[in-house]
Amino acid sequence: MATLREILAERLAHALAAAGFSDAPAEIAPASDARFGDYQANAAMILAKKNRANPRQIASEIIQHLDVAGISDPPEIAGAGFINFRLRPGFLARQAGHLASDDRLGRTPAAQPQRIILDFSAPNVAKPMHVGHIRSTILGDSLARIARFLGHEVISDNHIGDWGTQFGKVIYGWKHFLNPEALETDAIGELVRLYREVNALEATDETVKKTAREELVKLQQGDPENHAIWLRAVELSWREFQKLYDLLDIHFDERLGESFYNSALGPLCEKLAAAGLAEVSEGALCLFFRDIPALADKPAIIRKSDGGFLYATTDLATIEHRVQRWDPSAIWYVVGAPQALHFQQIFAAARKMGVTADLRHIVFGSILGEDRKIMRTRSGENVGLAEVLREAIERARVLVTEKNPDLPAEEREEIARIIGLGAVKYAELSQNRLTDYVFSWDKMLSFQGNTAPYLQNAYVRIRSIFRKLEGGFDGKAPVQIESPAERALAVKLLQFAETVPLVLEDFRPNLLANYLYELADTFHGFYEACPVLKSEGATRASRLVLCDITARTLSKGLGLLGIRCPEKM
RNA sequence: GCAGCCGUAGCUCAAUUGGAUAGAGCAUCUGACUACGGAUCAGAAGGUUAGGGGUUCGACUCCCUUCGGCUGCACCA
């Protein structure tokens with residue numbers, strides 16, 4: 001089913017062709033203000049600029065050829081040359097009626113599905129996940145859900161940091177003062193303790209430092225004992241990550257960490273050197289980008305002078321593997337802004353290697369504490385993700401208990417999880433990913449304003465109507481538009497289909513979040529103005545259909561953000 | 001020093017990528033209602049979009065410049 005925008009754009013395209021303006025973009029935008037109608041076309045002003053003509057004159061020529069009978073009132077020219085459309089209630093009612101029986105709520109799959117590798121989350125083994133991982137994890141998951149909904153094939157890959165110099169210290173600590181019980185109950189905590197103790201010892205004891213470095217070399221050379229310790233540390237860490245991913249309802253298709261590429265690093269360097277793409281400078285094997293001004297004096301080192309490899313090497317091997325195995329049309333990296341230069345280098349290098357896939361670094365800003373500085377605990381450490389999620393659920397539990405003390409404890413617990421996790425996810429996804437944002441419990445868990453609980457509550461109110469409903473629900477009843485509130489709701493509902501794709505244009509789930517908030521707001525207006533259960537006959541049937549579509553759109557939309565809706569709260 | 005990102009109401013954020021009088025929420029003030037879940041709704045007030053210049057019918061958006069903040073810049077990841 002075509003969206004409102006597509007329908008108007010098609011009519012506009014015909015009119016432009018008929019009027020002799022076939023080179024103009026047939027684009028329709030939502031009206032900037034409800035006073036002007038529902039949609040607007042700015043083509044006349046663009047054409048006027050191009051042809052040095054009078055925009056209103058051109059607008060009137062376009063209008064003469066514009067056939068929107070049955071869809072819109074006659075288009076009007078306003079201002080500098082805007083063409084405004086006001087959709088007809090009958091048309092809106094018919095279109096909205098189609099949504100009632102459509103699981104996809106009017107959004108047809110992409111005409112040209114792509115295969116996309118989505119690289120996100122990527123925690124480091126032997127370190128706890130902290131709030132810094134929230135954005136990548138939640139943003140990445142949401143983009144995966146949205147891309148899949150739009151018909152693309154998404155391969156999500158958790159490129160965990162399971163290989164690095166920290167393992168020399170972890171292995172040394174493991175051999176000398178491992179606490180097996182602590183490892184059992186809190187594996188990552190114990191691994192962190194080992195790392196820190198060795199680190200502290202190294203500061204005063206050269207022997208420890210030397211031995212730890214030797215443990216690392218042994219690991220890298222394949223020593224069976226060290227390899228076994230490393231493998232166990234990775235699996236124990238992963239087990240804890242998995243608990244968080246399960247809680248967050250986030251799943252990965254692949255978990256190809258850095259270590260997966262170890263054997264590919266040497267050959268890759270040889271290949272690049274042999275092809276003349278890499279050259280030795282100051283003893284290190286480097287890739288130079290002399291043809292790119294921004295990178296002209298910023299080579300990427302792929303093999304150190306001591307023969308060791310770097311994460312640039314691993315990332316290039318990763319791209320090579322992904323291209324060979326999946327031949328994706330795009331690879332998306334959801335990684336923080338500080339790594340922008342690294343990705344510029346990696347992408348430039350990949351292009352030298354002949355990679356044609358669309359490589360994107362999806363940048364995001366930092367999470368700040370209420371003091372507007374990078375969020376830290378009182379002792380100056382990163383705030384743990386597990387602790388954040390636990391506190392969110394705990395706070396939600398208090399709120400639910402306060403509001404609805406009679407619900408069975410088990411149900412309350414489930415609702416607290418949905419609300420607490422939803423609040424954290426929505427706080428992240430409802431803002432522009434580029435801006436730093438201030439983490440505030442009170443704001444994200446508020447039931448007022450642009451928050452997950454507000455949207456969930458709108459859903460719950462609708463479900464409550466259906467619980468009270470007597471005499472069954474006819475989902476096929478025709479939609480009638482009799483009041484401004486019903487009209488506004490119908491338009492909003494029909495705009496779901498044109499909002500979702502916008503998210504992928506610049507990787508901005510906040511556009512969808514914004515839409516859902518506006519939908520909930522519009523619904524509340526409808527809810528106040530249009531009694532549902534107390535109305536009768538065809539009006540009542542129509543309003544029930546509108547309620548049902550709204551509930552499904554809220555649920556589907558929040559679902560695309562990775563957020564669930566409770567039936568009660 | 002060079003480069004990138006950012007600067008919007010008291011606070012937290014939008015602005016569909018160059019469109020009309022820059023929009024929401026919180027907080028503040030005024031109203032509605034023993035309520036289809038009031039965890040609501042209607043309204044008021046709040047702005048030189050950091051400052052200055054430029055491009056054009058039109059600029060928060062593009063260009064130049066100043067100021068301020070964050071980040072990165074050869075063998076950590």
Side-chain angles (χ1 to χ4, degrees), chain A residues 5 29-33 35-36 40 42 45-46 48-49 54-56 78-82 84 122 124 161 163-166 258 281-286 293-295 297-306 308-312 314-315 336-342 344 363 365-366 368 372-374 399 402-404 427 430-432 434-438 440 442-443 446-451 453-454 456-458 460-469 495 498-499 502-503 505-506 508 510-511 513-515 517-518 521 524-525 527-535 543 547 568-569:
Chain A
R5 226 167 155 168
S32 59
D33 189 303
R35 287 197 310 274
F36 304 130
Q40 65 184 50
N42 304 332
M45 290 177 294
I46 293 162
K49 184 164 207 164
N54 181 332
R56 291 186 67 104
F82 300 93
N84 291 329
N124 286 317
W163 195 258
T165 51
Q166 77 269 29
E258 291 169 349
S281 166
E282 295 174 32
L285 187 64
C286 303
L295 297 179
D297 61 343
K298 298 194 167 40
I301 297 179
I302 55 174
R303 193 176 62 208
K304 298 193 282 182
S305 49
D306 69 0
F309 305 109
L310 294 107
Y311 82 141
T314 312
D315 278 359
Q339 300 208 40
L341 175 61
H342 168 70
Q344 272 189 45
V363 178
S366 314
L368 308 178
R372 293 226 49 123
K373 295 192 173 141
I374 300 277
L399 289 170
E402 207 171 275
K403 172 66 187 172
N404 235 330
S430 61
Q431 10 223 324
N432 192 314
L434 284 172
T435 54
D436 296 345
Y437 82 93
V438 175
S440 161
D442 291 340
K443 280 186 181 125
S446 167
F447 293 93
Q448 287 150 4
N450 190 4
T451 65
Y454 175 84
Q456 288 164 327
N457 182 240
V460 165
R461 292 178 98 178
I462 298 171
R463 300 303 304 156
S464 178
I465 290 176
F466 283 94
R467 274 197 298 275
K468 288 195 173 168
L469 182 62
Q495 286 172 338
E498 57 195 43
T499 302
L502 291 179
V503 172
E505 283 182 10
D506 197 28
R508 292 183 38 193
N510 69 303
L511 295 177
N514 224 354
Y515 164 81
Y517 175 67
E518 285 172 8
D521 193 43
H524 277 130
Y527 186 89
E528 293 285 322
C530 304
V532 178
L533 293 175
K534 284 175 188 159
S535 59
R543 288 177 179 175
C547 284
K568 297 177 186 173
M569 63 194 278

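Just so it is clear, the values below take in all heavy atoms, side chains as well, and ignore hydrogens, waters and symmetry mates. Just so we're on the same page: letters track the sequence lines, and every chain starts at 1.
- Closest-nucleotide positions on RNA chain B for A/Asn42 and A/Ile301 were compared, and the one nearer the 5' end corresponds to A/Asn42.
- Of the C1' atoms belonging to B/rG46 and B/rU30, the separation is 15 Å, rounded to the nearest Å.
- Heavy atoms of A/Ala284 sit under 4.0 angstrom from at least one base atom.
- An anti orientation is assigned to B/rU16, its glycosidic angle lying beyond 90° of 0.
- When distances are taken from the side chain of A/His524 to each of B/rG18, B/rC41, B/rC11, the shortest belongs to B/rC41.
- Comparing the same atom, C1', in B/rG51 and in B/rG69 gives a spacing of 16 Å after rounding to whole Å.
- In this structure, the nucleotide among B/rU12, B/rG37, B/rA74 sitting nearest to the side chain of A/Met569 is B/rG37.
- Using cut-offs of 30° and 60° for the angle between ring planes, the A/Tyr311 and A/His342 rings count as parallel.
- Side-chain proximity of A/Arg5 to the nucleotides B/rC57, B/rU17, B/rG37 is greatest for B/rU17.
- Rounded to whole Å, the separation between the C1' atoms of B/rG18 and B/rC62 comes to 8 Å.
- Heavy-atom minimum distance, A/Thr499 versus A/Leu511: CG2-O, 3.8 Å.
- Residue contacts shown for A/Cys547 are absent, as no nucleic acid heavy atom lies under 4.0 Å away.
- Minimum atom distance to the side chain of A/Pro531 is reached by B/rC36, of the listed B/rG37, B/rC36, B/rG72.
- Taking atom P in both B/rU66 and B/rG4, one finds a spacing of 14 Å when rounded to whole Å.
- Pair assignment for B/rA3 gives B/rU71, based on Watson-Crick or G-U wobble hydrogen-bonding distances that are each under 3.5 Å.
- The side chain of A/Asn510 approaches B/rA14 more closely than any other nucleotide in the set B/rA74, B/rA14, B/rC41.
- Residue A/Tyr437 places none of its side-chain N or O atoms closer than 4.0 Å to OP1 or OP2 of B/rA14.
- Within 4.0 Å (heavy atoms only), A/Arg467 reaches at least one base atom of the nucleic acid.
- B/rG19 and B/rU61 have their P atoms separated by 11 Å, with the value rounded to a whole Å.
- Look at B/rA45: it lacks any Watson-Crick or wobble partner with both distances under 3.5 angstrom.
- Note on A/Val438: only backbone sugar-phosphate atoms sit closer than 4.0 angstrom, heavy atoms only; bases stay farther off.
- Considering only side-chain N and O atoms, A/Thr165 lies nowhere under 4.0 angstrom from the phosphate OP1 or OP2 of B/rC76.
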(request) Before giving the answer on ring pair (Phe, Tyr, Trp, His ring centres under 6.0 Å), spell out for A/Phe36 and A/Phe82 the whole-Å C-alpha distance, their side-chain angles and the decisive distance to 0.1 Å. (result) CA-CA 9 Å; A/Phe36 304 130; A/Phe82 300 93; 7.3 Å; no
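- For A/Asn84 against B/rA20, a side-chain-to-base donor-acceptor contact under 3.5 Å is present.
- One C1' atom belongs to B/rA22, the other to B/rG7, and the distance between them is 16 Å to the nearest Å.
- Note on A/Glu528: a base of the nucleic acid sits closer than 4.0 angstrom, heavy atoms only.
- Spacing between B/rA27 and B/rU12 at atom P, rounded to whole Å, works out to 15 Å.
- The side chain of A/Pro30 has B/rU16 as its nearest neighbour among B/rC41, B/rU16, B/rA24.
- A/Gln166 meets the side chain to side chain donor-acceptor pair (under 3.5 Å) test with no other residue; sequence neighbours excluded.
- The base of B/rA77 does not come close enough to the side chain of A/Glu258 for any donor and acceptor atom to sit less than 3.5 Å apart.
- Checking B/rG19, B/rA24, B/rA74 against the side-chain heavy atoms of A/Ile46 singles out B/rG19 as nearest.
- In plain terms, the two heavy atoms of A/Ala312 and A/Ile301 that are nearest each other are CB-O, 3.8 Å.
- Base pairing analysis places B/rA20 opposite nothing; no Watson-Crick or G-U wobble pair with both distances below 3.5 Å involves it.
- The aromatic ring of A/Phe82 sits over the base of B/rA20, with ring centres less than 5.5 Å apart and planes inclined by under 30°.
- Separating the P atom of B/rA14 from that of B/rU55 is a span of 31 Å, rounded to the nearest Å.
- Once the 5.5 Å centre distance and the 30° plane angle are applied, the aromatic ring of A/Tyr527 is found not to be stacked with the base of B/rC41.
- Between A/Gln40 and the phosphate of B/rA20, there is no side-chain N or O to OP1/OP2 separation shorter than 4.0 Å.
- Listed pair A/Thr435 / B/rA14 meets the phosphate criterion, a side-chain N or O lying under 4.0 Å from OP1 or OP2.
- Contacts of A/Phe309 with the nucleic acid, taken as non-hydrogen atoms under 4.0 Å apart, involve only primed sugar atoms and P, OP1 or OP2.
- For A/Gln448, the listed nucleotide lying nearest its side chain is B/rU40; candidates were B/rU40, B/rU16, B/rC57.
- Distances from the side chain of A/Ser464 to the nucleotides B/rG37, B/rU40, B/rA77 place B/rG37 closest.
- At the heavy-atom level, A/Ser281 lies under 4.0 Å from base atoms of the strands shown.
- Dashed line: the shortest gap from a side-chain N or O of A/Lys534 to OP1 or OP2 of B/rC36 is under 4.0 Å.
- Using a 4.0 Å heavy-atom criterion, one finds that A/Glu282 contacts the bases of the nucleic acid, with or without backbone contacts as well.
- The side chain of A/Lys49 has B/rC57 as its nearest neighbour among B/rG37, B/rU21, B/rC57.
- Remark: the A/Lys298 side chain and the B/rG72 base include no donor-acceptor N/O pair separated by less than 3.5 Å.
- Pair assignment for B/rG25 gives B/rC11, based on Watson-Crick or G-U wobble hydrogen-bonding distances that are each under 3.5 Å.
- With a 3.5 Å ceiling on both atom-pair distances, B/rA59 lacks any Watson-Crick or G-U wobble partner.
- Between A/Lys468 and B/rG37 there is a side-chain polar atom (N or O) within less than 4.0 angstrom of OP1 or OP2.
- Taking only distance into account, the side chain of A/Thr314 never meets the base of B/rA77 through a donor-acceptor pair shorter than 3.5 Å.
- Base pairing of B/rC36 is not made with any nucleotide, judged by Watson-Crick or G-U wobble geometry with both donor-acceptor distances under 3.5 Å.
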